[in-house]
Amino acid sequence: MDGSAQSDSPYSAIYAVVSQIPPGRVCTYGRVAALAGLPGQARLVGYALHALLHHSVVPWWRVINRAGRISNVYAADEQRARLQAEGVVVDDNYLIDLARFLWEGDEA
DNA sequence: TGTGTGACAAGCC
DNA sequence: AGGCTTGCCACAC
């Protein structure tokens, strides 16, 4: 990932990790943060992904919270639709089965 | 320059 | 099982 994914932003590492999430899979903020070199700083991931809404070049919709639920209050409906389009089963309450679609970033 | 908030996580009750 | 509290870092006012 040298010149890909807007390296002009301080969240380039986060963008890279999110971009590595395979289709039909989801990842938690904490997991992405750890893979990006920011263990525990899950909030930064959420903040970075928020900025992506203005650029939309990274599968931000594949990132959900630890409870397996979509915390996005800005585009929860859109995110759910995108995940379902990817083959991810999203509950009517924006809840996702982590036991089946959780991507730990180590397997695959 | 300092305070407050945020698409969260982990711990405790 | 669910709900409350604390800690983390970056950004807006």
Side-chain angles (χ1 to χ4, degrees):
Chain A
M1 348 285 204
D2 26 281
S4 48
Q6 286 97 332
S7 33
D8 59 282
S9 301
Y11 314 108
S12 54
I14 299 176
Y15 298 152
V17 175
V18 177
S19 300
Q20 283 154 44
I21 301 175
R25 287 274 200 263
V26 295
C27 192
T28 62
Y29 295 97
R31 196 67 60 176
V32 174
L35 294 175
L38 303 170
Q41 280 61 17
R43 309 187 86 175
L44 280 299
V45 180
Y47 210 94
L49 266 52
H50 176 211
L52 292 181
L53 291 174
H54 298 276
H55 291 276
S56 189
V57 275
V58 177
W60 53 267
W61 52 84
R62 293 176 190 157
V63 186
I64 58 179
N65 66 359
R66 236 322 194 172
R69 171 162 116 34
I70 299 175
S71 301
N72 190 348
V73 296
Y74 298 100
D77 180 64
E78 181 177 330
Q79 181 168 5
R80 187 179 75 155
R82 287 181 179 274
L83 287 174
Q84 289 180 141
E86 293 279 317
V88 179
V89 179
V90 183
D91 190 79
D92 188 47
N93 196 24
Y94 300 101
L95 189 65
I96 303 170
D97 188 351
L98 296 178
R100 293 191 10 154
F101 302 102
L102 178 60
W103 178 69
E104 300 184 37
D106 193 72
E107 51 175 308

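Below, all heavy atoms of this structure are taken into account, side chains as well, without hydrogens, waters or symmetry copies. To find a chain, count down the sequence lines: A is the first, B the second, and so on, and within it residues start at 1.
Listed nucleotides: C/dA10, B/dA10, B/dA7. Nearest to the side chain of A/Y11: C/dA10. When distances are taken from the side chain of A/N65 to each of B/dA9, B/dA7, C/dC11, the shortest belongs to B/dA9.
Summarising the geometry, the separation between NE2 on A/H50 and P on B/dG6 is reported as 11 Å, rounded to the nearest angstrom. For the pair A/Y47 OH and C/dC11 P, the interatomic distance rounds to 7 Å; values are reported in whole Å. At whole-Å resolution of the value, CG in A/L95 and P in C/dA1 are 12 Å apart. When the P atom of C/dG3 is taken as reference, atom CZ of A/R69 falls 11 Å away, rounded to whole Å. Atom CG in A/L38 sits about 20 Å away from atom P in C/dG7, given to the nearest Å. Atom-to-atom, CD1 of A/I96 to P of B/dC8 comes out at 14 Å; the value is rounded to the nearest Å. For A/L44 and C/dC9, the CG to C1' distance is 4 Å, given to the nearest whole Å. Atom CD1 in A/I64 sits about 9 Å away from atom P in B/dA9, given to the nearest Å.
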Exercise for review: Under the salt bridge (charged side-chain N to carboxylate O under 4.0 Å, His left out) rule, what do A/R82 and A/E86 come out as? Steps first, then yes or no, please.
Suggested key: CA-CA 6 Å; A/R82 287 181 179 274; A/E86 293 279 317; over 6 Å; no
Review point. Can A/N72 and A/W60 be said to form a side-chain contact (heavy atoms from CB on, under 4.5 Å), step by step?
Key: CA-CA 10 Å; A/N72 190 348; A/W60 53 267; 3.7 Å; yes
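Side chain of A/R25 to main chain of A/W103: no donor-acceptor pair is present (N/O by atom type, distance under 3.5 Å, no hydrogens or angles). For the pair A/D91 (side chain) and A/Y94 (backbone), a donor-acceptor distance under 3.5 Å is absent. Not a single donor-acceptor pair under 3.5 Å links the side chain of A/Q79 to the backbone N or O of A/Y74.
Counting any heavy atom pair closer than 4.0 Å across all strands shown, A/L53 reaches a base atom. Backbone-only contact: A/R66 has heavy atoms under 4.0 Å from sugar-phosphate atoms and none from a base.
Within the 4.5 Å cutoff, no side-chain heavy atoms of A/D97 are placed close to those of A/V89.
A continuous path of Ile, Leu, Val, Met, Phe, Trp and Tyr side chains, each step under 4.5 Å between heavy atoms, connects A/L49 with A/V58, placing both in one hydrophobic cluster.
Screening A/L95, A/L98, A/L102, A/V88 for a side chain to side chain contact (heavy atoms under 4.5 Å, CB included) with A/I64, the sole residue that qualifies is A/L98. Checking A/C27, A/P22, A/P23 one by one against A/R62, the side chain to side chain contact (heavy atoms under 4.5 Å, CB included) holds for a single residue, A/P23.
Near DNA chain C, meaning a heavy atom under 4.0 Å from it, residues 75-83 of chain A has no residue at all.
Secondary structure note: stems in DNA chain B built from 3 or more consecutive Watson-Crick or G-U wobble pairs under 3.5 Å occupy B:2-6 with C:9-13, B:8-13 with C:2-7.
Under 3.5 Å, the side chain of A/Y29 and the base of B/dA9 form no donor-acceptor pair of N or O atoms.
Put simply, A/Y74 has a side-chain N or O that comes within less than 4.0 Å of OP1 or OP2 on B/dA7.
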